[in-house]
**Student:** 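Structure in structure tokens, see below.
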Amino acid sequence: MNLDPGWLLLLSISLEVWSVPLDRNATPQEAQPPQEDKQEDNVDTGLYYDRYLREVIEVLETDPHFREKLQTANTEDIKNGRLSKELDLVGHHVRTRLDELKRQEVSRLRMLLKAKLDSTNTQSLQMDHASLLKQFEHLDPHNQNTFEAKDLELLISTATKDLENYDAERHDEFKRYEMLKEHERREYLKGLDQEKREKEEKRMEELKDKHRKHPKVNAPGSVAQLREVWEETDGLDPTEFNPKTFFKLHGQLSCTLLLHDNDILYLSPALYHQLEKVYDPKNEEDDMMEMEEERLRMREHVMKNVDINQDRLVSLEEFLKSTDKKEFNNPKEWDTLDDTKPVFTEAELQRFEAELRTKEEELGRRAESLRQEQDLLKERGKALEAQRREYQQAVLEMSQRKEKQAVEGQPPTGPNGELQFHQEMQKLEDQEVQEAQNNLPAEPPQNLPIHT
């Protein structure tokens, strides 16, 4: 879930604080929002410390004192750290659980650091964990065992900084998606013959026309849009619509407007009710990626018109002021993506296609290099296999030759065909030579006198 971290804290508690059973028979002033089963939030913020962030919030919301303080806190109290100081007053079991969560997070980060060092073959006999943990800004590295107010403050400020450019990144991702879709469409049509191409172009145009034919979409945050929710979702008399009562009924609006688009899908029927007029996942002509972009545009529109001080918090005062605007009571019909100018220009598409070609060429070169390496490995494998078979044949021939010689009573031969004698026969020959040498007569003396 991508949202302002201060609101991340407010969200999980305010939904429960402001939500009480709705009496359908009561007057609008007495009506209260319906009880709904709490839906599990599995949407990832994309932060590398997402799980740690969520678990901290879940533990904090179990403490009654912290919940009470959070109910009256504003965004500035959260961001400047004043709310963090309330951590000293939470229950012992909450502090114990937070300490445990922090130790688990520190252990996880240590494992990440070790894996990073191992992957770079960095040898460090004495690793300074405190210094290395300073790379992670969402916790206090100087205190690795207990969760303190400083940790909550760092967690909020770091998440705020990490998510502040989220919307801009989403818009850029959508633009690239649309350019890729258009590129693939053109390439597909280019590969067809004239008759098939004309037929396919006609089919595509019919799908576009079908998508454009949808009920009127009311501008998000306008009186017409809010009245739809009042009547169709809350089941109240449309003639008794009251903005203040509506805000009390939908207190979560002040939070859900700030949420990641997927959260609005079920937390904010006020916006989703308009989206489902245009997009249906069962229809071939409706692109769900475009629905996500539409949802983001709606949220930004509401925040621009309602969040007067741009603190990402919609207060009751701000909401009521927005109802006094001309745009609230006399809104124009909402222009969907089909009614606005394309998200990219032809020049941007050409640059994008050039980028794709460059990447394809690079991938082609890498693929060719890998293919050549594969061919080389295959050739080396064949040579090794031939050598192995040659050795096996030599061993087999040698074994057969020895067996043949043993059958014929011939002395065995060596690997080169030379004869090999038994050690006993060699000893006997050595003994015979020695005995022969011992029995030789002594040489006659030299220069003996001759007697006449």
Side-chain angles (χ1 to χ4, degrees), residues 1-19 38 40-41 44-110 112 129-164 251-252 254-256 258-260 263 311-315:
M1 175 173 58
N2 293 282
L3 64 160
D4 180 278
W7 275 107
L8 189 69
L9 291 172
L10 285 173
L11 163 70
S12 56
I13 298 178
S14 58
L15 288 178
E16 298 178 11
V17 171
W18 291 332
S19 296
K38 185 177 180 181
E40 184 178 358
D41 184 7
D44 198 311
T45 63
L47 301 175
Y48 67 90
Y49 48 90
D50 173 80
R51 181 175 178 178
Y52 174 65
L53 178 64
R54 291 177 179 279
E55 290 179 340
V56 167
I57 294 171
E58 290 175 0
V59 172
L60 285 173
E61 71 177 359
T62 62
D63 185 83
H65 172 79
F66 198 87
R67 286 168 60 91
E68 181 181 353
K69 289 295 181 182
L70 190 56
Q71 182 181 3
T72 57
N74 55 41
T75 304
E76 193 61 31
D77 290 336
I78 297 175
K79 290 184 176 180
N80 62 23
R82 282 198 291 270
L83 184 64
S84 301
K85 293 178 173 55
E86 298 295 331
L87 194 67
D88 296 332
L89 302 177
V90 301
H92 175 71
H93 69 287
V94 174
R95 293 300 298 269
T96 301
R97 178 57 181 150
L98 290 174
D99 293 346
E100 181 182 351
L101 289 177
K102 182 175 181 180
R103 286 192 293 269
Q104 292 175 356
E105 179 68 359
V106 170
S107 177
R108 183 181 73 87
L109 296 178
R110 283 178 175 173
L112 289 177
H129 289 289
S131 298
L132 292 173
L133 285 172
K134 289 181 181 179
Q135 301 177 50
F136 304 100
E137 300 177 343
H138 64 288
L139 50 73
D140 181 6
H142 301 294
N143 174 18
Q144 302 179 20
N145 296 312
T146 59
F147 188 98
E148 305 296 341
K150 181 69 174 177
D151 290 288
L152 182 57
E153 183 179 345
L154 289 173
L155 185 59
I156 293 172
S157 61
T158 303
T160 300
K161 181 181 65 175
D162 291 343
L163 296 173
E164 61 184 359
Q252 69 266 31
S254 59
C255 287
T256 57
L258 307 175
L259 294 180
H260 178 277
D263 296 321
D311 65 349
R312 299 181 65 85
L313 169 64
V314 179
S315 65

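Residues take their numbers from the sequence shown, with the count starting at 1. Side chains included, hydrogens not; waters and symmetry mates left out as well; all remaining heavy atoms used.
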**Student:** Taking Asp151's backbone N and O only, do any of them form a donor-acceptor pair with Asp140's side chain (distance below 3.5 Å, no angle check)?
**Tutor:**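 Not confirmed, Asp140 side chain does not pair with Asp151 backbone.
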
**Student:** Any chance CZ of Arg95 has more than 12 other-residue heavy atoms, nucleotides or ligands included, within less than 6.0 Å?
**Tutor:**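 Enclosed: over 12 neighbouring heavy atoms sit under 6.0 Å from CZ of Arg95.
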
**Student:** Can you tell me how far apart CD (Glu58) and CZ (Arg97) are? Round to the nearest 0.5 Å.
**Tutor:**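 The distance works out to 9.0 Å.
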
**Student:** How long is the span from the OH atom in Tyr49 to the CD atom in Glu55, to the nearest 0.5 Å?
**Tutor:**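 Going from OH on Tyr49 over to CD on Glu55, the span is 15.0 Å.
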
**Student:** To the closest 0.5 Å, what do you measure between CG (Leu98) and CG (Leu87)?
**Tutor:**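 The distance works out to 6.0 Å.
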
**Student:** Taking the side chain as every heavy atom from C-beta outward, state whether Glu105 and His138 have any pair of such atoms under 4.5 Å apart.
**Tutor:**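 Yes; the side chains approach each other to less than 4.5 Å.
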
**Student:** Keeping the roles fixed (side chain from Thr62, backbone from Val59), state whether a donor-acceptor pair exists under 3.5 Å.
**Tutor:**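 It does hold such a pair.
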
**Student:** With Thr146, which residues qualify under side-chain contact (heavy atoms from CB on, under 4.5 Å), at least two apart?
**Tutor:**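 If we apply the side-chain contact (heavy atoms from CB on, under 4.5 Å) test to Thr146, skipping adjacent residues, the hits are Asp99, Asn143, Glu148.
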
**Student:** Kindly give the heavy-atom pair with the smallest separation between Phe147 and Leu152, and that separation in Å.
**Tutor:**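 For Phe147 versus Leu152, the nearest heavy atoms are CZ-N, 3.8 Å.
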
**Student:** Tell me, please, which residues at least two apart from Arg103 pass salt bridge (Lys or Arg N to Asp or Glu O under 4.0 Å).
**Tutor:**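 Result, salt bridge (Lys or Arg N to Asp or Glu O under 4.0 Å) vs Arg103: none returned.
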
**Student:** Say you draw a straight line from CD1 of Ile57 to OH of Tyr52; how long is it, rounded to the nearest 0.5 Å?
**Tutor:**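 Separation between the atoms: 11.0 Å.
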
**Student:** Rounded to the nearest 0.5 Å, what separation is found between the CD atom of Glu137 and the CG atom of Leu154?
**Tutor:**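 Here the rounded value is 8.5 Å.
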
**Student:** Any side-chain heavy-atom pair from Leu53 and Leu155 closer than 4.5 angstrom?
**Tutor:**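 Side-chain contact under 4.5 Å: yes.
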
**Student:** Any chance the side chains of Gln144 and Arg110 put a donor and an acceptor closer than 3.5 Å?
**Tutor:**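 Present: a donor and an acceptor within the cut-off.
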
